[in-house]
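Lettering of chains follows the sequences in order, A, B, ..., and the numbering in each one begins at 1. Computation of the quantities below employed the complete heavy-atom set of this structure, encompassing side-chain atoms and omitting hydrogens, waters and symmetry-equivalent molecules.
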Amino acid sequence: MSAVDFTSSKAPDSAPSNFIRQEIDADIAAGKLPQGAVITRFPPEPNGYLHIGHAKSICLNFGIARDYPNARCHLRFDDTNPSRERAHFMERIKEDVRWLGFDWGDRLRHASDYFDDLYGYAKRLIESGHAYVCSLSQEEIRSSRGTLTEAGRDSPWRDRPPEQSLDLFRRMCAGEFEEGAHVLRAKIDMASPNINLRDPVIYRIMHAPHPLTGRKWSVYPMYDFAQALSDAIERVTHSLCTLEFEDHRPLYDWFLRTLEIPSPPRQIEFSRLNLTHSVMSKRLLTHLVEQGHVSGWTDPRMPTIAGMRRRGFPPEALRDFCARIGMTKKDNIVELELLENCVREACEPIAPRAMAVLRPLRLVIENFPPDRREDLVAPNHPNDPSLGTRELPFTREVFIERDDFMEDPPAKFHRFAPGKEVRLRYAWLVTCTDVVRDPKTGEVVEIRGIHDPDSRGGNSPDGRKVRGTVHWVSARFGVPARVRLYDRLFHEAAPSPDPQALGGQINPASLEEIDDCILEPSLARVPPGALFQFERSGYFVADSEDHAPDSPVFNRTVSLRDTWGRKRGR
RNA sequence: UGGGGUGUAGCCAAGCGGUAAGGCACGGGACUUUGACUCCCGCAUCCCAGGUUCGAUUCCUGGCACCCCAGCCA
């Protein structure tokens, strides 16, 4: 059976307009882009895996690069803090961006590529009297910063002569001092109502080897400084980031203005994505991984791109989702149902159909010869003949879904019940005649029935209506499998962000593993990553880590919409 | 209590002074060899109060609510 290829997918979708694109249009119309082309960048910190919030930013930045003439988007690793960043994450991040369908071409960058330039800019700041080496302790800096309502106090080192600061800064770089002994600060305004402008630290001593620059540096630049100047160096025109950086913009602009950067980039902020029944901060996700609440960053319940890929989400579903949630400055929490809808829509046309029984109940067709086998032909997609057909072996004993039988059914239950006739999909019409019970518990362990021999293929010979159609797998030819049913990670729509409370908020039903499922034989030996619709159940993907042809493991990507179940649930 | 933001349906979100797009969710119906898919139908006067205007969700004034900021994190 053919499998869906998940390793590559272009991103041809064009994104809807939004306020950022409108700003860019206005800048272009006003002739503000010196090179005439828009340049954006996606600047992840390599300290964890990318999540769907990053996908929003990726689609924004790379989408603009795709849609504007001659525009480009740089993939720039913001690797300014070697104490918490790892090269491993860089590789995974690149995979995720590629899988999402975007291509940075030869525009792979690192903030660390600019450490020499950044060092030069810092020296210029010192020379021009706009920065100084401060020798206060971390605690002293904190206490002299003031509060939200009180101004801070000037550092006693604030008026240190530039020559002295220059000398100290050089020696900081040379590794002469302990961490925390000195720090380089911008000289702005300790009384600013914007705390970010109260002489922010721009370089700190850190004796940590960097994944790319090794032991060359003993000082590393802080975010605001590195970000503004990396953007400037790359001639980024529009630096798009999330809302929490809005009050950093005056500082961003201060660096560019003070260093007299021509045609400075413009920072525009948008709101981050929140999803119901999930958490999106890297801090909390890291906590889930490190505390073992999930199996890792690629756990299919994680809102990480890698987790969603393993869950079976097609990349186009994520792109579609990002297009549909829009782009604004409003705090938001998007319902998980929207994502699920995008996933279903993306899977529906591409997923070959198959039959799999998750909780088997044996059905013996008493008037079907014991050693007979019939091969029935079934389409792989009811609405798309181009996906071809497959053969289903039928035998006297088949498994049906336990839920598809009820001894005492409610009205409009179009499934098996004593005396009821139901269609076995693509096979025969079967009437349930009897049940077999466990003599001890009384539980129904098998049902019996007779088929209408003239209904081969499932068509009633006399035109009688048979409402119910049920999926099945031959007991003799079915393939046992392990199936993992995934559901929302958190019960609450908005889980408490307290890390200590996180584990207790996990939905116990977020993962249910079933070991004795029975798959139709065509599902044996499919490759990891292959996506199917198990009819009447959901979309399932062969797990990329644990699936093997001899011991199949499938993950439920998302269930089918279930109007009947929903109605009954209420 | 300082600064920066945001307020259009249950959730997203268009709207840019001319009389409330769209999607998801929800409810109803059609079709159906997946109670799937698909298709129809229904579903808001725009945080509040004043003002300007022939006309305001859009402009002005004043409130209210919520979010972010006091890392040598990003």
Self-check item: Of the listed nucleotides B/rG35, B/rC12, B/rA25, the one nearest the side chain of A/W564
Solution: B/rG35
Quiz item: Which nucleotide in the list B/rC69, B/rC11, B/rG71 gets nearest to the side chain of A/I333?
Solution: B/rC11
Quiz item: Does the side chain to side chain donor-acceptor pair (under 3.5 Å) test come out yes or no for A/S230 and A/R109, once each step is laid out?
Solution: CA-CA 9 Å; A/S230 298; A/R109 305 285 188 275; over 6 Å; no
Quiz item: How do A/R324 and A/G146 order along RNA chain B: which one's closest nucleotide is nearer the 5' end?
Solution: A/R324
Quiz item: How many Å lie between CZ on A/R84 and C1' on B/rC72, as a whole number?
Solution: 13 Å
Quiz item: Which residue lies toward the 5' end of RNA chain B, A/F534 or A/D331, if each is placed at its nearest nucleotide?
Solution: A/F534
Sequence neighbours excluded and cut-off under 3.5 Å, please list the side-chain donor-acceptor pairs for residues 183-190 of chain A, or say none.
{"residue": "A/R185", "atom": "NH1", "partner": "A/D199", "partner atom": "O", "Å": "2.9"}
{"residue": "A/K187", "atom": "NZ", "partner": "A/R158", "partner atom": "O", "Å": "3.2"}
{"residue": "A/D189", "atom": "OD1", "partner": "A/A191", "partner atom": "N", "Å": "2.8"}

Quiz item: Does the distance from a Lys or Arg side-chain N to an Asp or Glu carboxylate O, for A/E401 and A/R536, drop under 4.0 Å?
Solution: no
Quiz prompt | Set of residues satisfying ring-ring contact (aromatic ring centres under 6.0 Å, His included) with respect to A/W472, sequence neighbours excluded | solution = A/F394
Quiz item: Would you say a side-chain N or O of A/R145 is under 4.0 Å from OP1 or OP2 of B/rC72?
Solution: yes
Quiz prompt | Candidate nucleotides B/rU34, B/rC16, B/rG2, ranked by approach to the side chain of A/Q22 - the nearest | solution = B/rC16
Quiz item: Salt bridge check: are A/R76 and A/D231 linked by an N-O gap of less than 4.0 Å?
Solution: yes
Exercise. Compare the minimum distances between each of B/rC24, B/rA74, B/rA36 and the side chain of A/N341, then state the nucleotide with the smallest one.
Key: B/rC24
Quiz prompt | Nearest-neighbour nucleotide for the A/L338 side chain, B/rG35, B/rC24, B/rU34 considered | solution = B/rC24
Quiz item: Of the candidate nucleotides B/rG4, B/rC12, B/rC37, which contains the atom at the shortest distance from the side chain of A/N383?
Solution: B/rC37
Self-check item: Nucleotide nearest A/T469 when distance is taken to its side chain, options B/rC73, B/rU34, B/rG5
Solution: B/rU34
Quiz item: Atom CG of A/L560 and atom P of B/rU32: how far apart are they, to the nearest Å?
Solution: 19 Å
Quiz item: Strictly by modelled atom types, are A/R41 and A/S239 linked by a side-chain donor-acceptor pair under 3.5 Å?
Solution: yes
Self-check item: Span that lies between the P atom of B/rC26 and that of B/rA36, in whole angstrom
Solution: 12 Å
Quiz item: So, is A/T80 close to the B/rA74 phosphate, meaning a side-chain N or O under 4.0 Å from OP1 or OP2?
Solution: yes
Quiz prompt | B/rC59 and B/rC46, which share atom name C1', separated by this distance in whole Å | solution = 16 Å
Quiz prompt | A/R204, nearest nucleotide to its side chain (from B/rC73, B/rG5, B/rG35) | solution = B/rC73
Exercise. Using the C1' atom on both, measure B/rA20 against B/rU58 and round to a whole Å.
Key: 11 Å
Quiz item: In whole angstroms, how far is the C1' atom of B/rC11 from the CG atom of A/L275?
Solution: 11 Å
Exercise. Please state the C1' separation for the pair B/rC48 and B/rC12 - nearest whole angstrom.
Key: 24 Å
Exercise. Taking atom P in both B/rC24 and B/rC39, compute the distance separating them and give it to the nearest angstrom.
Key: 10 Å
Exercise. Determine the interatomic distance between C1' on B/rU52 and the same-named atom on B/rC73; round to the nearest Å.
Key: 49 Å
Quiz prompt | B/rC40 and B/rU6, which share atom name C1', separated by this distance in whole Å | solution = 38 Å
Quiz item: Which of the following nucleotides, B/rG4, B/rA74, B/rG2, is nearest to the side chain of A/E246?
Solution: B/rG4
Quiz item: When all nucleic acid strands are considered with a 4.0 Å heavy-atom cut-off, which category describes A/R185: base, sugar-phosphate, or nothing?
Solution: nothing
Exercise. Could you work out which one of B/rC72, B/rC37, B/rA13 sits closest to the side chain of A/K330?
Key: B/rA13
Quiz item: Are the ring of A/Y223 and the six-membered base ring of B/rA74 within the stacking cut-offs of under 5.5 Å and under 30°?
Solution: no
